[in-house]
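Written below as structure tokens is the structure these notes are about.
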Amino acid sequence: CILCVRGTCLYELDSDTLHVQKEVDVGIEGITCMTVSPNNKGVALGLKDGSIVFLDAAYSKIERWKTHTEEVYALAFSSDGLRIASAGLENKVYVKDISSGHLIGETDNLTSSLAFKNSDEGTLALSYSDMHIWNITTGDVRVTDLGDDDNLFVAFSPDDTRFIAVGYGEIQVWDSDVLFHPRKKS
């Protein structure tokens, strides 16, 4: 099924027909973004007030974190579901431990999309215009020379062999090695 949001409602759509299978009014105003946990045990919602709200699989509110000072506009769960990354309008990206809420890392970066590398929970791709790779453990952020100035959404393939960036009217796919082992210019 496909999950989408409009207003205060979450909609489950049939992935073949795109017909609404279920509509749930979660009663939360100002939803700006959403991500589903990899184990399908819940959903995280980013809000205009800088909060992240966690819902269980039945869409009942579990917890609310005030994380950002401005609107949250990108969220991503790590592939093991133990961490969540969030990007806010105040140009901050945070990674937190889901069970404790403790901050694992933060960086200053204007970001429209986030993607954890599936095989390495300490590596996060960030995009807005330039593509960045953030090593959460060391704090190093490296700007890549991939793509153009319109990279809005990023993702790793499930096996991490490919990296995908989507911009205005263009989808670009690279071998992930280019991100982590850039070729030296001669």
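Since we're looking at a predicted model, the values are computed, not measured. Numbering of residues begins at 1 and proceeds along the displayed sequence. The analysis underlying the following values was restricted to heavy atoms, covering all of them including side chains, and did not include hydrogens, waters or symmetry mates.
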Is there a chain of hydrophobic side chains (I, L, V, M, F, W, Y, each step under 4.5 Å between heavy atoms) that links [X] to [Y]?
| X | Y | result |
| --- | --- | --- |
| Ile2 | Val5 | no |
| Val36 | Val24 | yes |
| Val141 | Leu114 | yes |

Over all heavy atoms of both residues, which pair between [X] and [Y] is shortest? Give the atoms and the distance, please.
| X | Y | answer |
| --- | --- | --- |
| Arg6 | Tyr11 | CB-CE1, 3.8 Å |
| Glu106 | Tyr94 | CB-CD2, 3.5 Å |
| Ala87 | His68 | C-CE1, 3.8 Å |
| Thr8 | Glu29 | CG2-OE2, 3.5 Å |
| Glu23 | Cys9 | OE2-SG, 3.7 Å |
| Glu70 | Glu90 | N-OE1, 3.6 Å |

Intermediate values then yes/no, side-chain contact (heavy atoms from CB on, under 4.5 Å), Asp175 and Arg162: CA-CA 5 Å; Asp175 182 339; Arg162 299 279 187 262; 4.2 Å; yes
- request: Check step by step if side-chain contact (heavy atoms from CB on, under 4.5 Å) holds for Leu75 and Met34.
  value: CA-CA 7 Å; Leu75 293 169; Met34 168 183 65; 5.8 Å; no
- request: Count the heavy atoms of every other residue, nucleotide or ligand shown that sit under 6.0 Å from CG of Leu18, and state whether that count exceeds 12.
  value: yes
task: Any chance you could lay out the salt bridge (charged side-chain N to carboxylate O under 4.0 Å, His left out) test for Asp108 and Lys92, step after step, and finish with the verdict?
output: CA-CA 5 Å; Asp108 296 330; Lys92 288 282 193 182; 2.7 Å; yes
message: Parallel, tilted or perpendicular: which one describes the rings of Trp65 and Phe54, with boundaries at 30° and 60°?
response: perpendicular
message: For Ile28 and Leu45: C-alpha separation, side-chain torsions, deciding distance, then whether side-chain contact (heavy atoms from CB on, under 4.5 Å) applies.
response: CA-CA 9 Å; Ile28 299 170; Leu45 306 171; 4.0 Å; yes
Do the non-hydrogen side-chain atoms of [X] and [Y] ever get within less than 4.5 Å of each other?
| X | Y | result |
| --- | --- | --- |
| Asp80 | Phe116 | no |
| Phe77 | Asn39 | no |
| Leu10 | Leu55 | yes |
| Val173 | Ile164 | yes |

Is there a donor-acceptor pair closer than 3.5 Å between any side-chain N or O of [X] and the backbone N or O of [Y]?
| X | Y | result |
| --- | --- | --- |
| Ser113 | Val154 | yes |
| Thr107 | Val93 | no |
| Thr32 | Val72 | yes |

Rounded distance (nearest 0.5 Å) linking atom [atom1] of [X] with atom [atom2] of [Y]:
| X | Y | atom1 | atom2 | value |
| --- | --- | --- | --- | --- |
| Ile98 | Ile52 | CD1 | CD1 | 8.0 Å |
| Leu89 | Lys48 | CG | NZ | 11.5 Å |
| Gln21 | Leu3 | CD | CG | 11.0 Å |
| Arg83 | Ser79 | CZ | OG | 10.5 Å |
| His102 | Lys96 | NE2 | NZ | 9.5 Å |
| Asp140 | Ile133 | CG | CD1 | 12.5 Å |

message: Do Asn118 and Asp160 pair up side chain to side chain, a donor and an acceptor below 3.5 Å, judged on atom types alone?
response: yes
message: Could you go through Leu47 and Ile31, starting from their C-alpha distance and side-chain angles, then the distance that decides it, and tell me whether this counts as side-chain contact (heavy atoms from CB on, under 4.5 Å)?
response: CA-CA 5 Å; Leu47 304 182; Ile31 300 170; 3.8 Å; yes
